[in-house]
Amino acid sequence: MKLNGKKITLGVTGAVSAYKALELTRLLVKEEASVWPVMTKSASEFITPLSLSTLACARVSTTLFGGSGGIDHIRLAQEADLIIVAPATANIMGKAAGGIADDLLSTLIMAATAPVLFAPSMNSAMWGNTAMKENIEKLKKRGCLFVGPSYGPLACGYEGAGRLADVAVILEAAKEALDKKDLKGEKVLVSAGPTREAIDPVRFVSNASSGRMGYAIARAAKRRGAEVVLVSGPTYLPEPEGVTFVKVSTAEEMGEACVRYFPQSTVVVMAAAVADYRPLKSSPTKMKKEAKTLAVEMERTMDVLKNLGKRKKNGQFLVGFALETDNLEENARKKLSDKNLDIVVGNSPWGLDSETNEVTLITQGSHAERLPAMEKNDLADIILDAVVRLKAG
Ligand code: CTP
């Protein structure tokens with residue numbers, strides 16, 4: 001999901017993390033959102049309106065009176081699709097919970113008709129304070145949304161909960177607040193990444209999968225309202241927020257985890273690049289180089305997807321991938337029927353470790369739909385659109 005055309009009022013309050021609002025603005029603008037920045041008086045102690053307006057390509061509103069000559073707080077509150085307050089201090093959330101409107105930002109929050117997403121940032125003791133907790137409860141009951149705070153070192157020298165959520169996580173929460181909820185009620189199981197099959201304690205057989213495709217599908221499904229389980233082989237990607245994350249290493253562990261979560265899943269997307277073979281024997285100690293050549297005898301692993309296809313019941317929907325270097329459509333169609341799939345996503349190896357992919361979507365009895373090369377984040381939504389469409393019949 002891209003934010004193109006969405007109007008976002010971004011309220012920045014006075015916390016050391018205010019500088020991260022600049023990066024958030026950059027990301028929102030990159031997603032083609034219109035950002036309307038609002039700063040409190042304290043925020044301008046930390047960053048300048050000039051930086052924010054330059055990145056947002058928009059004027060920064062700071063005062064209730066006099067600004068543009070119009071009624072700014074009404075426009076900013078009611079013409080926006082979403083209001084994000086990042087960073088949100090204890091003060092602004094306390095004011096919002098108590099119905100106090102004594103500056104531009106607190107007044108526009110009172111006048112808001114759009115959803116309000118707070119990204120709190122403060123000292124851990126303040127975050128744990130009872131008044132704070134009660135305020136958050138009040139705001140949640142009124143439908144306000146929250147992202148973070150996260151745990152870690154704080155500007156005050158403490159370590160604890162209170163760090164502003166990562167800007168990428170705030171962006172994801174903003175998308176979630178704005179996205180359609182067409183997967184609500186669905187339980188989506190996604191597998192991602194490569195597997196590793198040990199030769200000895202320091203060597204393994206694996207492949208070039210980055211996990212990006214599966215992670216993008218897990219994030220998009222969560223955003224669209226599904227309950228998501230992500231079974232992931234080793235990757236360098238951050239764990240998506242709000243999903244059940246199951247970390248595995250080998251094909252056998254991937255198989256066990258998928259079989260365990262399969263009965264309660266309504267949709268399965270098997271994006272993992274599962275090893276087809278593993279060394280017959282794995283040495284318990286590091287193998288020394290002795291002979292001139294080395295042959296590692298391999299045995300077949302379980303075909304996880306085929307196994308799930310055999311267990312598939314009415315109401316369960318299976319999506320598989322087919323990685324092909326030649327005869328893509330023919331080979332992918334064969335996997336569609338051999339593994340009892342509802343959709344097969346045919347792709348070529350160049351997409352494996354890339355941000356983008358070029359795929360062909362194939363379903364039973366239909367034409368193959370060849371899609372142009374695109375970012376995996378966008379492709380994830382297209383694959384889920386196809387799932388929703390086909391499930392609806
Ligand atoms: N898959 C699986 N378990 C395996 C191998 C593959 O679950 N041991 C799944 C993959 O996650 C993918 C689909 O099966 O969704 C097809 O994987 P692919 O590597 O394209 O093909 P294979 O079935 O392994 O067949 P081949 O290597 O002969 O092309």
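Residue numbers start at 1 and run along the sequence shown. Just so it is clear, the values below take in all heavy atoms, side chains as well, and ignore hydrogens, waters and symmetry mates.
With respect to the salt-bridge test (charged N to carboxylate O, under 4.0 angstrom), the residues Lys391 and Asp342 do not qualify. Using a 4.0 Å cut-off between charged side-chain N and carboxylate O, Glu32 and Lys2 make no salt bridge. Between Asp338 and Lys334 there is a salt bridge, since at least one side-chain N of the basic residue sits less than 4.0 Å from a carboxylate O of the acidic one.
Remark: the Ser232 side chain and the Tyr215 side chain contain an N/O donor-acceptor pair separated by less than 3.5 Å. Under the 3.5 Å distance criterion, with hydrogens and angles disregarded, a donor-acceptor pair is assigned to the side chains of Thr363 and Ser366. Side-chain atoms of Asn377 and Arg219 include a donor-acceptor pair closer than 3.5 Å. No side-chain donor from either of Glu197 and Thr250 sits under 3.5 Å from a side-chain acceptor of the other.
No donor-acceptor pair under 3.5 Å is formed between the side chain of Glu23 and the backbone N or O of Val167. In this structure a side-chain-to-backbone donor-acceptor pair under 3.5 Å is present from Arg212 to Asp353. At distances below 3.5 Å, at least one donor-acceptor pair connects side-chain atoms of Lys312 with backbone N or O atoms of Asn340. Between the Asp200 side chain and the Lys286 main chain, no donor and acceptor come within less than 3.5 Å of each other. Judged by distance alone, the side chain of Thr40 and the main-chain N or O of Ala43 form a donor-acceptor pair under 3.5 Å.
Nearest heavy atoms, His367 versus Arg333: C-NH2, 3.9 Å. When all heavy atoms of Ala322 and Lys335 are compared, the closest pair comes out as CB-CD, 3.7 Å. Closest approach of Met93 and Phe146 over heavy atoms only: SD-CE2, 3.7 Å.
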Verdict with supporting geometry, Glu186 and Thr266, side chain to side chain donor-acceptor pair (under 3.5 Å): CA-CA 6 Å; Glu186 301 289 354; Thr266 55; 2.6 Å; yes

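The side chain to side chain contact (heavy atoms under 4.5 Å, CB included) test with Arg278 singles out one residue from Met298, Glu299, Arg300, and that residue is Glu299.
For NZ of Lys180, the number of neighbouring non-hydrogen atoms (other residues, nucleotides, ligands) closer than 6.0 Å is greater than 12.
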